[in-house]
*Asks:* 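Structure incoming, see below.
Every chain is numbered from 1, with letters handed out A, B, ... down the list of sequences.
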There are 2 protein chains.
Amino acid sequence: MSKYEMIYSAILKQIEDGQLKEGDKIPSETELMKEFDASRGTVRKAVDLLQERGFVQKIHGKGMFVLRKKNIEFHLGGIVSFKEVYEGLNGDIVTTVVEMKQVAARRPLTKLLNIKGNAKVDLIKRVRNIEGENVILDINYFVSEIVPGLTKEIAESSIYEYIEKTLGLHISYAHRVIEAQPCTEEDRKYLDLNGTDHVIVVKNFTHLYDGRQFEYTESRHRLDKFYFSDVARR
Amino acid sequence: MSKYEMIYSAILKQIEDGQLKEGDKIPSETELMKEFDASRGTVRKAVDLLQERGFVQKIHGKGMFVLRKKNIEFHLGGIVSFKEVYEGLNGDIVTTVVEMKQVAARRPLTKLLNIKGNAKVDLIKRVRNIEGENVILDINYFVSEIVPGLTKEIAESSIYEYIEKTLGLHISYAHRVIEAQPCTEEDRKYLDLNGTDHVIVVKNFTHLYDGRQFEYTESRHRLDKFYFSDVARR
DNA sequence: CTGAATTTGTGCGTATGTATC
DNA sequence: AGATACATACGCACAAATTCA
């Protein structure tokens with residue numbers, strides 16, 4: 001881990017552990033330089049990261065203050081977001097693979113994944129059951145050439161861990177779209193819809209560090225279980 | 001404008017004008033140093049900003065490449081997001097103030113705005129009409145002590161411009177929450193709901209540079225007109 | 001395959017500007 | 001007015017990833 005990441009983590013830990021509470025002033029940059037035996041540039045890189053991610057707020061001439069303790073979580077891979085994740089989930093999340101096969105890409109998919117026709121794609125459909133109700137249907141498409149060797153076991157645990165740890169690929173960014181759609185036959189088949197006739201769809205176009213797109217995913221959430229939270233700056 | 005902002009804008013303009021197209025390699029940091037007569041740190045600050053905002057992707061040892069031309073727009077103030085904004089909106093957006101009054105804060109509101117009871121609050125309800133349909137109901141609450149002098153005229157044009165330009169306040173960040181809710185009586189009264197029984201609610205907790213919260217807003221969107229897009233990194 | 005050149009990543013030091021108290 | 005704290009900018013050195021002769 002680099003030095004600025006160490007400083008970032010150390011300060012973040014103090015916030016999470018409650019040694020630094022909301023509204024507290026964080027030591028000045030010169031003090032942090034001494035504390036961590038680092039240059040000002042390095043300290044600034046660390047605290048800029050803290051600010052970007054919404055933990056602190058720097059004020060010119062005054063100092064730097066703690067905004068919030070808990071991370072505004074987003075999940076680049078896997079489950080995107082739902083209420084229980086934020087509310088400290090009491091019950092369990094059970095993931096079931098309901099369909100899994102390799103297909104040759106056809107028209108809508110070739111565009112969504114930015115690949116040529118007939119390129120091999122791994123299709124995975126998973127249902128997320130929370131506290132006894134099926135509330136999320138995840139439909140993943142992975143480019144087989146980039147992500148080979150997917151199995152049912154991997155799909156049931158963590159595909160992202162497999163991609164990063166086992167395959168050694170570096171995931172970089174995802175373009176996300178959130179919108180509502182009328183329920184499909186498939187939604188009705190797999191989800192406990194509770195009388196609702198729309199779902200919230202989170203689309204993910206996920207890319208590697210080198211820019212290649214390796215995934216397109218639709219997370220279809222039951223309306224009343226959907227929740228999204230973030231911090232926008234400037 | 002600072003030097004790194006100049007460099008940021010200059011490169012962004014080249015991307016928007018099409019001189020740098022998607023996939024193109026951007027000149028190396030040393031070349032940009034010469035081009036803009038700047039130090040490496042300044043150039044890096046500019047291109048790091050471009051990367052954060054999703055325009056380019058830097059790859060260690062290779063270079064820096066254009067990802068996309070169009071900004072993934074978010075709107076910190078005012079209208080949060082809806083389909084037509086992204087699709088280049090053909091028709092007009094008409095904003096109508098349907099209610100406006102000053103009230104003394106009561107229980108749910110004191111918590112949402114983080115203020116004391118009986119503190120004065122300006123309540124504004126506005127309907128957004130797009131292509132002949134009322135599809136968004138915005139309910140804004142402003143802390144009167146921080147944002148004084150709001151009028152119907154300001155509410156009909158741009159409240160944020162008034163806050164920043166006229167009052168000279170610096171807006172810094174907003175905590176956003178997106179979720180679905182069943183329609184209220186008010187939704188039914190003001191919106192053309194088209195048979196849907198839920199709305200998508202975007203909640204905004206907006207703060208000044210000094211950390212004070214000055215606004216709480218609910219944007220209530222008709223399901224089929226809602227659209228949200230962003231880029232998540234790492 | 002090796003090594004050099006290029007390019008981005010990290011870290012240090014210094015100076016000066018600007019806002020707050 | 002002076003002290004403090006963050007903001008911008010410059011320069012240098014070395015590390016790590018990639019490319020290519």
*Asks:* Just the rounded figure in Å: distance from P of dG9(C) to NE2 of His170(A).
*Replies:*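 Going from His170(A) (NE2) to dG9(C) (P), I get 13 Å.
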*Asks:* Counting side-chain heavy atoms from C-beta on, which of dT8(D), dC10(D), dT7(C) comes nearest to Ser28(B)?
*Replies:*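 The nucleotide sitting nearest to the side chain is dT7(C).
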*Asks:* Separation of Glu5(B) atom CD from dT8(D) atom C1', in whole Å?
*Replies:*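 Computing the Glu5(B):CD to dT8(D):C1' distance gives 10 Å.
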*Asks:* Between Met1(A) (CE) and dA16(D) (P), how many Å, whole number?
*Replies:*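 My rounded result for the distance is 16 Å.
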*Asks:* Compare side-chain N and O positions of Tyr4(B) against OP1 and OP2 of dA9(D) and report whether any pair is under 4.0 Å apart.
*Replies:*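 Tyr4(B) to dA9(D) OP1/OP2: no side-chain N or O under 4.0 Å.
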*Asks:* Should Lys3(B) be listed as having a side-chain N or O under 4.0 Å from OP1 or OP2 of dC10(D)?
*Replies:*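 For dC10(D), OP1 or OP2 has a side-chain N or O of Lys3(B) closer than 4.0 Å.
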*Asks:* Which part of the nucleic acid, if any, lies within contact of Gly41(A), taking any heavy atom under 4.0 Å across all strands shown: a base, the sugar-phosphate backbone alone, or nothing?
*Replies:*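 Nothing, no heavy atom under 4.0 Å.
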*Asks:* According to the interplanar angle, ranging from 0 to 90°, do the rings of Phe142(B) and Phe214(B) count as parallel (below 30°), tilted (30 to 60°) or perpendicular (above 60°)?
*Replies:*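 Rings of Phe142(B) and Phe214(B): parallel, as their planes differ by under 30°.
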*Asks:* Taking the nucleotide of DNA chain C with the nearest heavy atom to each, does Ala38(A) or Ile26(B) sit closer to the 5' end?
*Replies:*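 Mapping each residue to its closest nucleotide by heavy atoms, the 5'-most match is Ile26(B).
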*Asks:* Would you say dT8(D) has OP1 or OP2 under 4.0 Å from some side-chain N or O of Lys45(B)?
*Replies:*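 Yes, within the criterion.
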*Asks:* Of all the heavy-atom pairs spanning Met1(B) and Met6(B), show the shortest one and how long it is.
*Replies:*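 Result for this residue pair: SD-N, 3.9 Å.
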*Asks:* Which is true for Asp210(B) with a 4.0 Å heavy-atom rule: it touches a base, it touches only sugar-phosphate, or it touches nothing?
*Replies:*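 No contact.
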*Asks:* Can you tell me whether the side chain of His60(A) and the base of dT20(C) have a donor-acceptor pair closer than 3.5 Å?
*Replies:*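 Side chain to base: no pair below 3.5 Å.
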*Asks:* For Met33(B) and dC10(D), what is the distance between atoms CE and P respectively, to the nearest whole Å?
*Replies:*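 Going from Met33(B) (CE) to dC10(D) (P), I get 9 Å.
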*Asks:* Are OP1 or OP2 of dG9(C) and a side-chain N or O of Lys58(B) less than 4.0 angstrom apart?
*Replies:*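 Yes, because at least one side-chain N or O of Lys58(B) sits under 4.0 Å from OP1 or OP2 of dG9(C).
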*Asks:* What is the distance, to the nearest angstrom, from the NZ atom on Lys25(A) to the P atom on dC6(D)?
*Replies:*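 Atom-to-atom, Lys25(A) to dC6(D), this comes out as 6 Å.
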*Asks:* Out of curiosity, Tyr141(B) OH to Ile115(B) CD1, how far, rounded to the nearest 0.5 Å?
*Replies:*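 One finds 11.0 Å between OH of Tyr141(B) and CD1 of Ile115(B).
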*Asks:* Whole-Å distance between dT8(D) P and Asp37(B) CG?
*Replies:*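 My rounded result for the distance is 19 Å.
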*Asks:* For residues Thr30(A) and Ser28(A), report the shortest heavy-atom separation together with the two atoms involved.
*Replies:*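 Closest approach of Thr30(A) to Ser28(A): OG1-OG, 3.0 Å.
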*Asks:* Go nucleotide by nucleotide along DNA chain C from the 5' end; which of Asp48(B) and Tyr209(B) gets its closest nucleotide reached first?
*Replies:*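 Result: Asp48(B).
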*Asks:* Between Arg44(A) (CZ) and dT10(C) (P), how many Å, whole number?
*Replies:*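 Distance check: Arg44(A) CZ to dT10(C) P gives 17 Å.
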*Asks:* Any idea which of dG11(D), dG11(C), dA5(D) is nearest the Thr30(A) side chain?
*Replies:*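 Closest of the options to the side chain of Thr30(A): dA5(D).
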*Asks:* dC6(D), OP1 or OP2 - any side-chain N/O from Lys62(A) closer than 4.0 Å?
*Replies:*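 The answer is no; no side-chain N or O of Lys62(A) sits under 4.0 Å from OP1 or OP2.
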*Asks:* Taking only side-chain N and O atoms of Thr42(B), does any of them lie within less than 4.0 angstrom of OP1 or OP2 on dC10(D)?
*Replies:*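 Thr42(B) to dC10(D) OP1/OP2: side-chain N or O found under 4.0 Å.
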*Asks:* In Å and rounded to the nearest 0.5 Å, what is the NZ to CD1 distance from Lys165(B) to Ile163(B)?
*Replies:*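 Between atom NZ of Lys165(B) and atom CD1 of Ile163(B) there are 12.5 Å.
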*Asks:* When you check the side-chain N and O atoms of Glu153(A) and Tyr162(A), is any donor under 3.5 Å from an acceptor?
*Replies:*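 Looking only at side-chain atoms, Tyr162(A) and Glu153(A) do not form any donor-acceptor pair under 3.5 Å.
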*Asks:* CD of Gln57(B) versus P of dT18(D): gap in Å, rounded?
*Replies:*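 In whole Å, dT18(D) P lies 13 Å from Gln57(B) CD.
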*Asks:* Examine the base of dA7(D) for any acceptor or donor lying under 3.5 Å from a partner atom in the side chain of Arg40(A), and report the outcome as yes or no.
*Replies:*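 It does, because a donor-acceptor pair links the side chain of Arg40(A) to the base of dA7(D) below 3.5 Å.
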